[in-house]
> 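Got a structure for you, written out below as structure tokens; questions coming shortly.
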Amino acid sequence: MKVIIAEKPSVAREIARVVRATNKKNGYIEGGGYAITWALGHLITAAMPEAYGIKGFHKENLPILPPVFTLIPRQIKEGKGYKTDAGAVAQLKVIEKLFRACEGIIVATDAGREGELIFRFIYEYLGIAKPFERLWISSLTDKAIKEGLARLQNGAAYDNLYYAAYARSEADWLVGINATQAISIAAGRGTYSLGRVQTPTLCMVCSRFLENKKFEPQPFWQLSLAVKEGDESFRFSSADRWFDKAEATALYDKLKQAPYATVETIVRKETKQEPPLLYDLTTLQKEANSRFGYSAEQTLSLAQKLYEKAYITYPRTGSRYIPEDVFAEIPALIAFLHDHPVWGVQARRLTELNAHSVDSKKVTDHHALLITGKKPIDMFGEEVAIYDMIVGRMLEAFSARCVKDVSTVTAACEDVKFILKGEIIKEEGWRAVLKNSRKKDKEQAEAEERKSRENGEGIIIPQWEEGGQLPLCACSLAQGTTKPKPLHTESSLLAAMETAGKELEDEELRAQLKDCGIGTPATRAAIIETLFAREYMVRQKKSLVPTEKGLAVYSIVREMKIGNAEMTGQWEADLARIERGELKEWDFRKGIESYATQITDELLSSKILFPKKQSDIHCPKCGKGTLVFYPRCAKCSDPDCGLTLFRSVAGKNLTDEQLTQLAVNGETGIIKGFTSKAGKSFEASLSLDGEFKTVFVFPERKKTGKSRR
């Protein structure tokens, strides 16, 4: 008998069905010469400092650098500590029994870095040296599973993948544990989490937020003029804008008297625009956030469900290309869509395939996202939206180029340079796919219309000649205001993580830097969710806004290496080198140990005491102590009292004045800007109940009762 170990029960069931294993047991399925079991994610993890005899946060213990990491069954939080997950232990016993009885193991955990780590940690922890082979597939269709089982690879072929995964795990432990303990010791109160990846990500959010808030808008003025050609008029805009109103007004007065503008240059050219590349996970997450407001974690979860239902290929991919052998299967996938109620028309028109997304050299572990050709019969709501995005992008990617005639005219009048752009689409090509296939919200429609105007879409430039004079029929002076960079959204933050903070518009250039980004496509959603869980940032509509706690941490680490996005990006590049066999895991670890030691010293030696403000406000609970204001809360000065009034309530940060009202009066006035769990904004008063807990008092319910927070 051979044991097949999958990452999740749902995947195990699919494999069991294909190999005709039908005998369901406790923790596995048996039949056809196989026992198919599952891992329930990370069953084995690296132990916390307590396993090495280090308890509590003490300066003299830092840095903590275990010579060899101890592996233990997964822990879950209980109160202020942790306990072993009983479910993990039970499943480990099942796996151990099967491993001891089998003749060999087939590894069917997710085919990627983390999937490899999940199995290898179990294998190492159990210490059962049975031979193992690797099932490496990109979809869960029957065909893919059968073909994968027919060409199993020797497990040793994936040793470098494991070394990279193990190095990542060690690095996160060494940096996270030491930095978290160091900053918490320096703060003197509370626990403040830092991490190898989460901290530079937080720094990008905070930096953009402060840049946005400190920005001082400046008024500017821009000139335009109109010329008439037959029955049509054409509007030129000035190449420059003016921040001096008097200067702009003087030029405008001259323009009103000018009879004509002189054509200086005319550039006409045909441009061929290649279709967008296929989706990788990060690009899918960015666009789902922009179009539907889905979080990165939500998109990943939806894509994972579609994968486990065998409707799409492996979602945690970092590639936007497919190899030649997969390209040979695309005509069948296009034909599969011919009868689709939404995409059928475009699929039937697609007879010649564009190979822009075909490049075997740019495919790493997994190719770009595709549908599988299995008819979706149990997709619902948001799953349909993600599936349709993947279908639409697939049709775009294999469609013809968009061909446009682009013209740019520059003209001069009163020594001011003016520009007119015209753009005529000759062949829509890939742009026809999504043209009428989706509903656009008002914001998106306005943005696309604005971009079309800026590009001069639909404007046919007359046959003017250089040196020709164009009679003026009107001119105008418009006022505008400079705008700051917008706050990060999850879409823009994912883009920044992808390039370690470098702002790049070109998608192919971004793809070249994917090894130097922060995190990986598979982990970025979890990193963002960690920042929410730590209460370092909140969502305000689509924007990501740091909390006072997040800004306090940022103020400390922004000049330190732990906040450096490019350095973290270089580590990701080093992990990719380990995966390729170009760098030894131990050499990487030595560098991380040195770094962990340095940041620990930096954090401990800096003056990081978090600001606190004493007051003469008597504690409403004990009446003895007074309130002390901290960035995250207000507390009673008497440690035996325990009163804590948290600043962050339902996504809203309370001011000192509001906390004072709550303590002195037992209730605040109406406060706007709270956010419900459903993401809706609401207003309410806050009050202290009999246990001195903060509760909501809704305006319309003031006479009927209160709602606990």
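This structure is a prediction, so every number in the text was calculated from the model and none was measured.
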> Quick one: pull up CD in E490 and CG in L544 and give me the separation to the nearest 0.5 Å.
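Spacing of CD (E490) from CG (L544) equals 5.5 Å.
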> Is there a side-chain contact between K485 and N212 (heavy atoms, below 4.5 Å)?
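In short, these two side chains do not touch, never coming nearer than 4.5 Å.
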> May I ask you to check whether over 12 heavy atoms, not counting those of D415, lie within 6.0 Å of atom CG?
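12 or below, so no.
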> With side-chain hydrogen bond (donor to acceptor under 3.5 Å, both in side chains) as the test, would you mind laying out the steps for D574 and Q570 before giving the verdict?
CA-CA 6 Å; D574 287 343; Q570 183 54 52; 3.3 Å; yes
> What I'd like to find out is whether the side chain of S399 reaches to under 4.5 Å of the side chain of V433, using heavy atoms alone.
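Sidechains of V433 and S399: in contact.
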> What I'd like to find out is whether the side chain of R316 reaches to under 4.5 Å of the side chain of E114, using heavy atoms alone.
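A side-chain contact is absent here, since even the closest heavy-atom pair is not under 4.5 Å.
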> Could you give me the CA-CA distance, side-chain angles and deciding distance for H367 and T317, then say whether side chain to side chain contact (heavy atoms under 4.5 Å, CB included) is met?
CA-CA 7 Å; H367 58 68; T317 175; 6.0 Å; no
> Give me the atom names and distance for the closest heavy-atom approach of T199 to G563.
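That would be CG2-CA, 4.3 Å.
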> Verify salt bridge (charged side-chain N to carboxylate O under 4.0 Å, His left out) between E428 and R349, making sure each step is shown before the conclusion.
CA-CA 13 Å; E428 281 189 311; R349 289 176 180 170; over 6 Å; no
> Return the set of residues passing ring-ring contact (aromatic ring centres under 6.0 Å, His included) with Y536 (not counting sequence neighbours), or none when no residue passes.
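With sequence neighbours excluded, Y536 shows a ring-ring contact (aromatic ring centres under 6.0 Å, His included) to no residue whatsoever.
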> What distance separates R401 CZ from T271 OG1, expressed to the nearest 0.5 Å?
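If I round to the nearest 0.5 Å, the distance is 10.5 Å.
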> Which pairs pass ring-ring contact (aromatic ring centres under 6.0 Å, His included) with one or both residues in residues 295-317, sequence neighbours excluded?
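Counting only pairs at least two positions apart or across chains, the ring-ring contact (aromatic ring centres under 6.0 Å, His included) contacts touching residues 295-317 are Y307-Y314, Y314-H366.
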> Test side chain to side chain contact (heavy atoms under 4.5 Å, CB included) on E498 and K286 and set out the steps.
CA-CA 11 Å; E498 195 175 24; K286 287 190 297 186; 3.2 Å; yes
> Are T675 and S681 linked by a side-chain donor-acceptor pair shorter than 3.5 Å?
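No, no side-chain donor-acceptor pair sits under 3.5 Å.
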> Can we say E270 and K426 salt-bridge, meaning some charged N sits less than 4.0 Å from an Asp/Glu carboxylate O?
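Looking at E270 and K426, the cut-off is met.
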> Looking at R393 and E287, is there a salt bridge between them, counting it only when a charged N and a carboxylate O are closer than 4.0 Å?
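Looking at R393 together with E287, the answer is yes, because their closest N to O distance falls below 4.0 Å.
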> Could you give me the CA-CA distance, side-chain angles and deciding distance for V263 and E465, then say whether side chain to side chain contact (heavy atoms under 4.5 Å, CB included) is met?
CA-CA 7 Å; V263 177; E465 294 183 357; over 6 Å; no
> Would you say D339 has more than 12 foreign heavy atoms packed within less than 6.0 Å of its CG?
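Check fails, neighbour count at 12 or below.
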> Evaluate the side-chain proximity of F215 to T482: yes if any heavy-atom separation is below 4.5 Å, no if none is.
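Counting from C-beta outward, T482 and F215 do come under 4.5 Å.
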> Could you tell me whether a side-chain N or O of K417 sits under 3.5 Å from a main-chain N or O of D240, the two making a donor and an acceptor?
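No.
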> Indicate the atoms forming the closest heavy-atom contact of F220 with T481, along with that distance.
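Shortest heavy-atom separation between F220 and T481 comes out as CE2-N, 3.4 Å.
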> Is the number of heavy atoms from other residues, nucleotides or ligands within 6.0 Å of CD (E352) greater than 12?
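It does not: E352 CD has 12 such atoms or fewer within range.
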> Distance check, rounded to the nearest 0.5 Å: L255 atom CG versus E414 atom CD?
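Between L255 CG and E414 CD, I get 6.5 Å after rounding to 0.5 Å.
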> Side-chain contact test, heavy atoms from C-beta onward, threshold under 4.5 Å: evaluate it for I459 versus I461 and give yes or no.
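Of all side-chain heavy-atom pairs linking I461 with I459, at least one is under 4.5 Å.
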> Roughly how far, to the nearest 0.5 Å, is the CH2 atom of W464 from the CG atom of L420?
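Those atoms lie 5.5 Å apart.
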> Counting only N and O atoms by type, is there a donor-acceptor contact under 3.5 Å from the side chain of Q479 to the main-chain atoms of P219?
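Here the side-chain-to-backbone pair does not exist.
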> Looking only at atom types and distance, does a side-chain atom of R196 sit under 3.5 Å from a main-chain N or O of T568, one as donor and one as acceptor?
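Judged by distance alone, no pair lies under 3.5 Å.
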> So, are E383 and K309 salt-bridged, with charged N and O less than 4.0 Å apart?
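Looking at E383 and K309, the cut-off is met.
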> For W221, which residues count as a ring-ring contact (aromatic ring centres under 6.0 Å, His included) partner, sequence neighbours excluded?
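Not a single residue meets the ring-ring contact (aromatic ring centres under 6.0 Å, His included) criterion with W221.
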> For K254, look at atom NZ and say whether over 12 heavy atoms of other residues, nucleotides or ligands are found less than 6.0 Å away.
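No.
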> Is the NZ atom of K256 crowded by more than 12 outside heavy atoms at less than 6.0 Å?
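More than 12 heavy atoms, drawn from other residues, nucleotides or ligands, come within 6.0 Å of this atom.
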> Apply the test side chain to side chain contact (heavy atoms under 4.5 Å, CB included) to residues Y387 and V391: give CA-CA distance (whole Å), side-chain angles for both, the deciding distance (0.1 Å), then the verdict.
CA-CA 6 Å; Y387 184 82; V391 173; 3.6 Å; yes
> Please lay out, stage by stage, how K228 and E232 fare under the test salt bridge (charged side-chain N to carboxylate O under 4.0 Å, His left out).
CA-CA 6 Å; K228 200 156 190 180; E232 290 190 79; over 6 Å; no
> On a heavy-atom basis, which atom in L434 and which in G392 lie closest, and how many Å separate them?
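L434 and G392 have their closest heavy atoms at CD2-CA, 4.2 Å.
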> So does M204 get a backbone contact from the side chain of S207, meaning a donor-acceptor N/O pair under 3.5 Å?
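No: the side chain of S207 does not pair with the backbone of M204.
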> Whether the side chain of R348 engages the backbone of H338 through a donor-acceptor N/O pair (distance < 3.5 Å, no angle test) should be reported.
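Flag set: sc R348 to bb H338 pair under 3.5 Å.
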> So, do L370 and I322 sit near enough that their side-chain heavy atoms are less than 4.5 Å apart?
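Answer yes - side chains close enough.
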> Distance-only, no hydrogens or angles: does the W430 side chain make a donor-acceptor pair with backbone N or O of Q273 under 3.5 Å?
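Between the backbone of Q273 and the side chain of W430 there is a qualifying donor-acceptor contact (under 3.5 Å).
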> What pair of heavy atoms forms the shortest contact from R208 to P486, and how long is it?
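Heavy-atom minimum between the residues: NH1-O, 2.9 Å.
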> How close do P200 and I518 get, heavy atom to heavy atom, and via which atoms?
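Minimum heavy-atom separation between P200 and I518: CB-CD1, 4.2 Å.
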> If only atom types and distance count, is the side chain of E264 paired as donor or acceptor with the main-chain N or O of A411 below 3.5 Å?
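The answer is no, because no donor-acceptor pair under 3.5 Å joins these two groups.
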> For the residue pair A310 and T372, what are the closest heavy atoms and their distance?
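It is O-OG1, 2.6 Å.
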> Both conditions, 6.0 Å and 45 degrees, for the charged tip of R320 above the ring of Y279: are they met here?
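The answer is no, since R320 fails at least one limit relative to Y279.
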> For the pair Q285 (side chain) and A296 (backbone), establish whether a donor and an acceptor sit closer than 3.5 Å, ignoring hydrogens and angles.
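Yes, because the side chain of Q285 sits within donor-acceptor range (under 3.5 Å) of the backbone of A296.
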> Verify, without hydrogens or angle tests, whether N289 (side chain) and Y294 (backbone) share a donor-acceptor contact under 3.5 angstrom.
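Yes; judged by distance alone, with no hydrogens or angles, the pair exists.
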> Heavy-atom distance under 4.5 Å between the side chains of L223 and L251, does that happen here?
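Touching, per the 4.5 Å side-chain cut-off.
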> List the steps, then state whether salt bridge (charged side-chain N to carboxylate O under 4.0 Å, His left out) holds for E427 with K404.
CA-CA 7 Å; E427 299 172 22; K404 299 183 287 187; over 6 Å; no
> Do L225 and F418 have side chains that get closer than 4.5 Å, going by heavy atoms?
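They are in side-chain contact.
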> Taking the side chain from T410 and the backbone from T265, do they hold a donor-acceptor pair closer than 3.5 Å?
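Confirmed, T410 side chain pairs with T265 backbone.
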> So, taking the atom named NZ in K542 and the one named OG in S492, what distance separates them when rounded to the nearest 0.5 Å?
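Going from NZ on K542 over to OG on S492, the span is 11.0 Å.
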> Nearest 0.5 angstrom please: L284 CG to T299 OG1, how far?
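Interatomic distance, L284 CG to T299 OG1, rounded to 0.5 Å: 6.0 Å.
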> Hey, mind stepping through K305 and E308 against salt bridge (charged side-chain N to carboxylate O under 4.0 Å, His left out) and telling me if it holds?
CA-CA 5 Å; K305 288 177 183 176; E308 290 174 17; over 6 Å; no
